[in-house]
Amino acid sequence: HDKKAKKRKHEYEEDEEDEDIKPKKKTKDKKVTEGKKAKKEEEEKWKWWEEERYTDGSKWRFLEHKGPVFAPPYEPLPDKVKFYYDGKPLKLSAPAEEVATFFAKMLDHEYTTKDIFRKNFFKDWRKEMTSEEKSKITDLNKCNFSDMNEYFKAQSEARKQMSKEEKQKIKEENERLLQEYGFCIMDNHKERIGNFRIEPPGLFRGRGDHPKMGMLKRRIRPEDIIINCSKDSKHPKPPPGTKWKEVRYDNKVTWLASWTENIQGSIKYIMLNPSSRIKGEKDWQKYETARRLKKCVDRIRNQYRDDWKSKEMRIRQRAVALYFIDKLALRAGNEKEEGETADTVGCCSLRVEHIKLYPKMDDQEYVVEFDFLGKDSIRYYNKIPVEKRVFKNLQLFLENKQPEDDLFDRLNTSILNKHLQELMDGLTAKVFRTYNASITLQQQLKELTCSDDSIPAKILSYNRANRAVAILCNHQRAPPKTFEKSMQNLQTKIDEKQNQLSAARKQLKAAKADHKASHDDKSKKAVEVKRKAVQRIEEQLMKLQVQATDREENKQIALGTSKLNYLDPRISVAWYVSLLPPCGKSMRSCPADWKTRSQRWGRVVHPP
DNA sequence: AGACTGACTTGGGTCCATTCCA
DNA sequence: TGGAATGGACCCAAGTCAGTCT
């Protein structure tokens with residue numbers, strides 16, 4: 001997962017490839033002459049997966065780090081940059097000015113036009129004002145931030161225009177910071193930290209219809225930070241004149257530092273990068289659990305199908321919910337505190353208003369229509385035919401309920417997970433998502449690819465398999481702002497290529513005719529040259545067409561999350577290996593079903 | 001049983017450096 | 001060589017789920 005590490009590793013593996021070819025002695029020499037480098041490589045190729053894991057619940061024995069990097073202090077605006085209230089310039093105190101700049105920077109954003117955002121911002125802003133400011137500034141509509149806004153725009157423009165040297169200097173400074181604070185020592189190994197920079201203050205931007213949007217996310221100070229490290233390590237030093245909130249030595253957790261965030265009151269952590277042993281082991285374990293589910297999923301499916309007939313309502317609800325989680329890869333759906341977050345749901349928290357039942361729809365029977373906002377306020381919309389028993393159960397669950405009532409009133413995620421735990425050790429609702437995602441990739445890869453496809457065709461096949469997973473998991477994205485334009489550009493290229501092709505074909509034809517007439521060697525060679533040219537252009541055209549297809553199909557599908565979190569990497573590796581020998585099948589086309597499911601759903605309330 | 005909290009995974013967006021291509 | 005496309009790093013919000021407390 002650590003892209004840079006991957007790059008480094010790749011370089012190393014190339015070395016290794018070399019070593020396979022070269023005689024062994026040479027590799028030994030190399031190791032002797034490049035002792036330092038070899039030692040570094042030794043560290044980089046540490047195979048933690050070949051080592052024993054802790055069995056006592058501890059996560060490490062030794063942990064040493066330098067603590068977090070704090071956000072740079074606020075730099076007051078130059079005097080020439082004015083804030084106007086009611087048309088008159090007004091010099092703000094530094095704390096009030098800082099908060100004002102957060103708003104000023106967002107002026108072009110749709111957020112700042114939203115009532116809740118403005119209300120929350122203004123309330124929190126006033127808290128930062130002096131009593132004098134507070135008495136003067138009473139109406140946000142009379143505030144004019146546009147001068148400030150232009151100043152920041154000019155600043156970012158200036159940053160873009162910086163000379164190469166200046167840019168290089170900044171880059172070096174970042175690198176220095178990374179080297180100093182970006183790594184820790186955990187159990188004899190240097191590991192990359194994921195987020196060693198503390199989140200800077202700013203205005204909270206929730207996703208979807210968030211009741212807290214616009215609130216002030218306050219600046220985090222050393223006094224807010226809890227440090228976690230080992231007793232026998234060199235402890236991180238707080239900045240001069242400050243103190244940590246606490247230093248603790250808890251090796252039952254993986255985080256290096258934490259603080260409590262002021263919007264939701266939740267805890268934020270500094271943890272290691274995905275390339276670390278501690279994240280890698282967990283990730284591996286996740287896929288192993290999914291593999292264990294594969295072995296007993298038939299039994300579990302039979303069980304919940306049986307449970308559809310149960311005398312007990314709670315068991316029927318549990319069984320129908322589990323069916324949805326399995327078949328549709330829905331999330332568990334924990335309860336949420338009302339008014340604290342956007343109104344989104346998962347399976348267990350579905351409400352009556354989120355589904356519609358159709359005994360008959362077109363040529364299908366027992367169709368359920370889902371329409372709700374899931375995680376990140378991404379809309380889930382789907383129509384699926386279900387088995388009659390499920391349908392009848394749903395009708396039963398809906399009886400005498402209001403739209404805002406819970407569909408599964410006798411069920412929550414805790415009950416469901418306790419049940420799942422009894423069915424298989426370590427089984428929870430989300431394991432079904434992992435399992436179904438990975439098995440879908442495996443099946444689709446098998447169905448879509450074959451080894452004598454061209455490289456672009458293979459990539460398309462892989463992306464389509466990946467896409468099938470993303471669609472299953474409802475991983476949507478807003479179409480990129482430049483989508484239409486880039487699509488057009490591609491189409492133009494295709495048109496040009498097609499013209500080129502027909503021209504090249506004409507030339508080939510002419511050359512052939514020429515050869516027929518003269519029968520000399522020179523004209524024969526000319527035919528060959530033209531034939532090659534046609535072939536090359538055909539390949540280029542095909543590549544462009546595949547690219548266009550891929551891009552079009554991916555318009556509002558986000559592949560990243562599934563690639564990163566749901567697809568067992570071993571499946572991709574196995575697929576790659578399987579393509580090495582030829583197999584003789586031809587490429588299949590995209591199943592029509594996928595296209596219909598990737599229609600424009602979009603995020604309903606979508607922060608640009 | 002239910003509320004609450006802490007720790008950890010999953011999520012899409014944005015920005016910026018690199019790559020690609022005419 | 002410059003502008004567009006691309007892809008990855010980074011950002012930080014929003015989920016899941018287990019354990020504890022009441």
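Within every chain, numbering begins at 1; the chains are lettered A, B, ... in the order of the sequence lines, protein sequences first and strands thereafter. Small disclaimer: the values here were computed from a predicted structure and weren't measured.
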Contacts under 3.5 angstrom, residues 404-411 of chain A side chains, donor-acceptor by atom type, not counting sequence neighbours:
from: D405(A); atom 1: OD2; to: Q402(A); atom 2: N; distance (Å): 2.8
from: D409(A); atom 1: OD1; to: Q317(A); atom 2: NE2; distance (Å): 2.8
from: D409(A); atom 1: OD1; to: K401(A); atom 2: NZ; distance (Å): 2.8

Self-check item: Of S486(A) and T413(A), the one whose closest DNA chain C nucleotide lies more 5'
Solution: S486(A)
Quiz item: How long is the line joining CZ of F102(A) and C1' of dC11(C), in whole Å?
Solution: 16 Å
Quiz item: Can you tell me how far P of dC17(C) sits from CG of N412(A), to the nearest Å?
Solution: 12 Å
Quiz prompt | Polar side chain donor-acceptor pair, T413(A) to N334(A), under 3.5 angstrom | solution = yes
Quiz item: Please, which pairs that meet ring-ring contact (aromatic ring centres under 6.0 Å, His included) have at least one residue in residues 457-478 of chain A, sequence neighbours excluded?
Solution: Y462(A)-W575(A), H475(A)-Y566(A)
Quiz item: Does R318(A) have any salt bridge (charged side-chain N to carboxylate O under 4.0 Å, His left out) partners at least two apart in sequence or in another chain, and if so, which?
Solution: D307(A)
Exercise. Compute whether any side-chain donor of one residue and acceptor of the other, for N554(A) and N463(A), lie under 3.5 angstrom apart.
Key: no
Quiz item: Side chains of S258(A) and N228(A): is there a donor and an acceptor less than 3.5 Å apart?
Solution: no
Exercise. Pick base, sugar-phosphate or nothing for T254(A), based on heavy-atom distances below 4.0 Å to the nucleic acid.
Key: sugar-phosphate
Practice problem: May I have the distance from L178(A) (atom CG) to dC11(C) (atom C1'), rounded to whole angstrom? | Solution: 16 Å
Exercise. Starting at atom CG of D250(A), determine the distance to atom P of dG6(B), rounded to an integer number of angstrom.
Key: 13 Å
Quiz item: Roughly, in whole Å, what's the span from CG in L559(A) to P in dG7(C)?
Solution: 11 Å
Quiz prompt | Atom-to-atom span, CE of M487(A) to C1' of dA5(C) - whole angstrom | solution = 13 Å
Quiz item: Can you tell me if the side-chain N/O atoms of Y269(A) get under 4.0 Å from OP1 or OP2 in dT9(B)?
Solution: no
Practice problem: Establish, from distance only, whether the side-chain atoms of Q421(A) and N417(A) form a donor-acceptor pair under 3.5 Å. | Solution: no
Quiz item: Quantified as the angle between the terminal helix axes (five pairs each), what is the overall bend of the helix from dA1(B)-dT22(C) to dA22(B)-dT1(C) to 10 degrees?
Solution: 10°
Quiz item: Side-chain N or O of K286(A) less than 4.0 angstrom from OP1 or OP2 on dT16(C)?
Solution: no
Quiz item: Between dC8(B) atom C1' and K252(A) atom NZ, what is the distance in whole Å?
Solution: 17 Å
Exercise. Using salt bridge (charged side-chain N to carboxylate O under 4.0 Å, His left out) as the criterion, list what pairs up with R292(A), not counting sequence neighbours.
Key: none
Exercise. Determine whether S230(A) and Y249(A) make a side-chain contact, defined as any pair of heavy atoms from C-beta on separated by less than 4.5 Å.
Key: no
Quiz prompt | Ion pair check, D250(A) and R248(A), cut-off under 4.0 Å | solution = no
Quiz item: Heavy-atom contacts under 4.0 Å between residues 317-335 of chain A and DNA chain C, which residues?
Solution: R331(A), A332(A), G333(A), N334(A)
Practice problem: Can you run down the ring-ring contact (aromatic ring centres under 6.0 Å, His included) pairs that involve residues 260-284 of chain A, sequence neighbours left out, and say none if there aren't any? | Solution: W255(A)-Y269(A)
Quiz item: Do we see a donor-acceptor contact under 3.5 Å between the side chains of Q535(A) and E539(A)?
Solution: no
Practice problem: Starting at atom CG of N417(A), determine the distance to atom P of dG15(C), rounded to an integer number of angstrom. | Solution: 17 Å
Exercise. Under 4.0 Å between any heavy atoms, over every strand shown, what does K418(A) touch: base, sugar-phosphate, or nothing? Just pick one.
Key: nothing
Quiz prompt | Closest nucleotide among dG6(B), dG12(B), dG13(B) to the I267(A) side chain | solution = dG6(B)
Quiz item: What pairs with K217(A) under salt bridge (charged side-chain N to carboxylate O under 4.0 Å, His left out), at least two apart in sequence or on another chain?
Solution: E199(A)
Quiz item: What nucleotide, of dT10(B), dA5(C), dC8(B), holds the atom closest to the side chain of M271(A)?
Solution: dC8(B)
Practice problem: Pick base, sugar-phosphate or nothing for N195(A), based on heavy-atom distances below 4.0 Å to the nucleic acid. | Solution: nothing
Quiz prompt | Test side-chain hydrogen bond (donor to acceptor under 3.5 Å, both in side chains) applied to D224(A) - qualifying residues, sequence neighbours left out | solution = R218(A), R221(A)
Quiz item: Listed in order of residue number, which residues of residues 423-436 of chain A have a non-hydrogen atom at under 4.0 Å from DNA chain B?
Solution: K430(A), R433(A)
Practice problem: Output all residues satisfying ring-ring contact (aromatic ring centres under 6.0 Å, His included) with Y323(A), sequence neighbours left out; order by chain, then residue number. | Solution: W308(A)
Quiz item: For dG7(C), does OP1 or OP2 lie under 4.0 Å from any side-chain N or O of R551(A)?
Solution: no
Quiz item: Between Q547(A) and S562(A), which has a closest nucleotide on DNA chain B that is more 5'?
Solution: S562(A)
Identify each atom pair where a protein N or O and an N or O of nucleotides 12-14 of chain C are less than 3.5 Å apart, giving names and distance.
from: dA13(C); atom 1: OP1; to: K217(A); atom 2: NZ; distance (Å): 3.2
from: dA13(C); atom 1: OP2; to: K268(A); atom 2: NZ; distance (Å): 2.5
from: dA13(C); atom 1: N3; to: R207(A); atom 2: NH2; distance (Å): 3.2
from: dA14(C); atom 1: OP1; to: R207(A); atom 2: N; distance (Å): 2.7
from: dA14(C); atom 1: OP2; to: H210(A); atom 2: NE2; distance (Å): 3.4

